[in-house]
Q: 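Mind having a look at this structure? Questions to follow.
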Amino acid sequence: MNEVRVRFAPSPTGFLHIGGVRTALFNWLFARHEGGTFILRIEDTDRDRSTDDAIQVILDGLKWTGLNWDEGPFRQTDRLELYRERAMDLLKRKLAYWCICTPDELEARRKEAQAKGESIKYDGRCRHRGVSEPAEPAALRFLTPQEGQTIVNDRIKGQIVFDNTVMDDLIILRSNGYPTYNFSVVVDDGLMNITHVIRGDDHVNNTPRQVPLFSAMGFSVPQFAHLPMILGSDKARLSKRHGATSVLAYKEMGYLPEALINYLVRLGWSHGDQEIFSIQEMVEFFDFKQVQASAAVFNPEKLRWVNAQYIRNSDPKQVADVLMPFLQSAGYDDAVLARIPGGAEALIPPLRERSETLLDLVQGAVPYLSEPMTMDEDAAKKHLTLSIAPSLQAFADQVEAEADFSKEVLEGILHGIIERQGLKMGKVAQPLRVALTGRTVSPGIYEVMALLGKERSLQRIRSGLERTMNA
RNA sequence: GUCCCCAUCGUCUAGCCUGGCCUAGGACGCCGGCCUUUCAAGCCGGCAACACGGGUUCGAAUCCCGUUGGGGACGCCA
């Protein structure tokens, strides 16, 4: 029984986007499910567009998601000698030939063919030129079989049949000596003993070009699984136009990595009606049989919902930990947090029912962290009126006189006032809320007061009282 | 243009392989209600789909063909 070996092979020409993470995730899930090996390989053979920064961003993004790799990261530019050797071997065996057509010429011919409505595949004019020692820089082309069919048994799409006549003699070595994607991929997948190639289905058409290369170099052909694309709301391929594309942008927007992963795994994969999965469950249940063959539209609303589920159901301590950097960058340091009885962790339970992201949590925490508090003028005008002043006054006096600041005591005091004045709870609670938080929306009054502590609660009610006098 | 893939509520999907259990289920969102100190959360309910046309069959969302629609690929990018 062969050990499963899969790889995620991003190219460092940009950041790690959502689609890339999904591809990495499915590779990782399959590897973990099978007890196999997950390899990270950086495909940086486009030396014009690949950058070290981009590699770092990909690594950072992947680390944030928690998709840990077992081998690598390998860089193809560290392995150039390997590709060259293999290419020269193909040349020696007459399975490859030098092509002296220039990129400009090829481009012109393609345009012309397109205009005439003809096939735009390479016409093979260097095939029989027999160039042995090119004087000029030349590219090396693979002599692609033109007869018969190439059949791919895709784990997701099923059987796919290609007529070999549509296949080009693809370039395997550029005139600058660098290998092209379709070649380096095959050499690496072969050399690294990759058993399953799991990638986006934009690569389906590359598969019949790669299969003959595996065979020509004596590698066994891996199994393929082509994942459906992720689309934007306009059903076009997900891109910058659809908002954040870098995973790290989601980190900054206050999403938890587990939530993003959970959302992404359900984009194209399912396990009955289950929506929320622990990582262990995903690994246990993952199966290509349940992977969708069709593309999926990325739905930010649902991502928010999933994130909310995680924020609500995670341990408050852990949420507080990931929230810290957000609080810091909002200008709230440890000294500010120390004002809250119970610290940052105490903020989580009352606030998380109303928060879908960590950013929402920060916004919700503002009234308890900021001093002085910002008062919503409209709210003050509406609720801090003269008629409510006696109730607020009585409440403040009684709370101050009471040593115990527990919810039960506060509740008793407030209910007593309501009964005596013959008021409804809402009549008093809203003004109190506005006085305490400066807002009309907040957690329950007693939770708010617990976060504020006795001193600040009383001080805020009193300054609210002052406003009722001036109203 | 050529090649390839895909097609169930607005979106993610279950069901399809192994036709009948489907009056097509769940989730997000939306609408309404309950709860209620606000807003949420929670609970209850509602709207909403088998792209179309032919077959095959006693019977088709499920199998076959076609049409239409969508996506992808056709680089000395990956």
Side-chain angles (χ1 to χ4, degrees), chain A residues 9-13 43-46 48-50 99 101-103 106-107 110 113-122 137-141 152 154 156-158 160-163 165-168 170-176 178-182 184-185 199-208 226 228-229 231 233 235-237 263 266-276 289-290 292-306 308 312 351-356 364 383 414 418 424-434 437 439-446:
Chain A
S11 73
T13 53
E43 313 230 316
D44 58 349
T45 53
D46 182 348
D48 292 335
R49 298 196 300 153
S50 300
C99 173
C101 303
T102 69
L106 294 169
E107 175 69 18
R110 261 196 301 273
Q114 182 131 42
K116 283 199 245 169
E118 290 169 1
S119 167
I120 54 177
K121 86 177 215 184
Y122 175 61
L140 195 66
R141 284 188 189 265
V152 178
D154 193 274
I156 295 168
K157 310 265 184 193
I160 310 174
V161 180
F162 300 87
D163 272 324
T165 48
V166 302
M167 246 68 83
D168 269 32
L170 53 90
I171 291 177
I172 58 179
L173 231 46
R174 300 177 170 92
S175 50
N176 68 6
Y178 279 64
T180 56
Y181 164 76
N182 273 306
S184 55
V185 135
R199 69 216 321 186
D201 75 11
D202 48 338
H203 286 289
V204 167
N205 287 286
N206 284 143
T207 310
H226 287 98
M229 299 272 88
L231 275 23
S233 51
K235 305 244 181 180
R237 198 175 166 164
Y263 173 72
R266 285 285 292 104
L267 225 45
W269 177 79
S270 64
H271 183 70
D273 287 336
Q274 192 170 340
E275 295 287 350
I276 303 297
K289 266 215 201 76
Q290 292 306 124
Q292 199 82 2
S294 51
V297 173
F298 184 82
N299 182 351
E301 294 298 322
K302 188 153 183 183
L303 204 212
R304 289 184 72 85
W305 177 81
V306 173
R312 278 166 213 153
L351 295 178
R352 66 175 170 184
E353 294 305 326
R354 297 144 258 260
S355 302
E356 291 188 309
H383 295 284
L414 195 55
I418 287 166
K424 288 185 70 174
M425 182 57 125
K427 271 289 182 200
V428 185
Q430 260 326 66
L432 249 183
R433 183 185 320 282
V434 171
T437 66
R439 302 174 173 187
T440 55
V441 172
S442 82
I445 292 297
Y446 311 119

Q: Distances for protein N/O vs nucleotides 1-5 of chain B N/O pairs under 3.5 angstrom?
A:
| from | atom 1 | to | atom 2 | distance (Å) |
| --- | --- | --- | --- | --- |
| B:rC5 | O2' | A:Lys157 | NZ | 2.8 |

Q: Using both distances under 3.5 Å as the test, list the Watson-Crick or G-U wobble partner of B:rG59, or none.
A: none
Q: Which of these nucleotides, B:rA78, B:rU37, B:rA41, is closest to any side-chain atom of A:Arg312?
A: B:rA41
Q: Provide the distance between the two P atoms, one in B:rC16 and one in B:rU57, to the nearest whole Å.
A: 23 Å
Q: Is the shortest distance from a Lys or Arg side-chain nitrogen in A:Glu301 or A:Arg304 to a carboxylate oxygen in the other one below 4.0 Å?
A: no
Q: Name the residue closer to the 5' end of RNA chain B, choosing between A:Leu173 and A:Leu267 according to the nucleotide with the nearest heavy atom.
A: A:Leu267
Q: Counting only side-chain heavy atoms from C-beta out, which of B:rC76, B:rC12, B:rA73 sits nearest to A:Asp202?
A: B:rA73
Q: Under 4.0 Å, counting only non-hydrogen atoms across every strand here, what does A:Pro443 touch: a base, just sugar-phosphate, or nothing?
A: base
Q: Please give the nucleotide sitting opposite B:rA7 as a Watson-Crick or G-U wobble pair, both distances under 3.5 Å, or none.
A: B:rU68
Q: Using a heavy-atom cut-off of under 4.0 Å over every strand shown, decide if A:Cys99 touches base, sugar-phosphate, or nothing.
A: nothing
Q: At under 4.0 Å between heavy atoms, what does A:Ile171 touch on the DNA or RNA strands: base, sugar-phosphate, or nothing?
A: base
Q: B:rU36, OP1 or OP2 - any side-chain N/O from A:Lys424 closer than 4.0 Å?
A: no
Q: Thinking salt bridges, do A:Asp44 and A:Arg49 make one under a 4.0 Å N-O criterion?
A: no
Q: Both A:Tyr181 and A:Ile156 contact RNA chain B. Which one's nearest nucleotide lies toward the 5' end?
A: A:Ile156
Q: For the P atoms, the ones on B:rU68 and on B:rG53, what distance do you get once it is rounded to whole angstrom?
A: 15 Å
Q: With a 3.5 Å limit on both atom pairs, tell me what B:rG45 is paired to, counting Watson-Crick and G-U wobble, or say none.
A: B:rC31
Q: Counting only Watson-Crick pairs (N1-N3 plus N6-O4 or O6-N4) and G-U wobbles (N1-O2, O6-N3), all under 3.5 Å, who is the partner of B:rC74?
A: B:rG1
Q: Quote, to the nearest angstrom, the C1' distance that separates B:rC64 from B:rU56.
A: 7 Å
Q: At under 4.0 Å between heavy atoms, what does A:Ser270 touch on the DNA or RNA strands: base, sugar-phosphate, or nothing?
A: sugar-phosphate
Q: Taking only the side-chain nitrogens and oxygens of A:Arg110, find out if one of them lies under 4.0 Å from OP1 or OP2 of B:rG75.
A: yes
Q: P atom, B:rA48 versus B:rG15: distance in rounded Å?
A: 24 Å
Q: Which nucleotide wins on minimum distance to the side chain of A:Ala296, given the candidates B:rA78, B:rU38, B:rC12?
A: B:rC12
Q: B:rG33 and B:rG72: how far apart are their C1' atoms, nearest whole angstrom?
A: 46 Å
Q: Are any of the side-chain nitrogens in A:Arg312 or A:Glu356 under 4.0 Å away from the carboxylate oxygens of its partner?
A: no
Q: Among the nucleotides B:rU38, B:rU13, B:rA73, which one has an atom lying closest to any side-chain atom of A:Arg237?
A: B:rA73
Q: With a 4.0 Å cutoff (strictly under), does any side-chain N or O of A:Thr102 reach OP1 or OP2 of B:rC76?
A: no
Q: According to the Watson-Crick and G-U wobble definitions, with both distances under 3.5 Å, which nucleotide is paired to B:rA40?
A: none
Q: Within the structure, does a side-chain N or O atom of A:Arg352 lie under 4.0 Å from either OP1 or OP2 of B:rC39?
A: no
Q: B:rG70 and B:rG10: how far apart are their C1' atoms, nearest whole angstrom?
A: 16 Å
Q: With the criterion being N/O to N/O and under 3.5 Å, what pairs connect the protein with nucleotides 27-31 of chain B, and how long is each?
A:
| from | atom 1 | to | atom 2 | distance (Å) |
| --- | --- | --- | --- | --- |
| B:rA27 | O4' | A:Glu275 | OE2 | 3.3 |
| B:rC28 | OP1 | A:Trp305 | NE1 | 3.4 |
| B:rC28 | O2' | A:Lys302 | N | 3.4 |

Q: In whole Å, what separates the C1' atom of B:rC44 from that of B:rU62?
A: 33 Å
Q: For B:rU18, which nucleotide in any strand shown is its Watson-Crick or wobble partner with both distances under 3.5 Å?
A: none
Q: Sort out the partner of B:rC50 for me: Watson-Crick or G-U wobble, both distances under 3.5 Å, none otherwise.
A: none
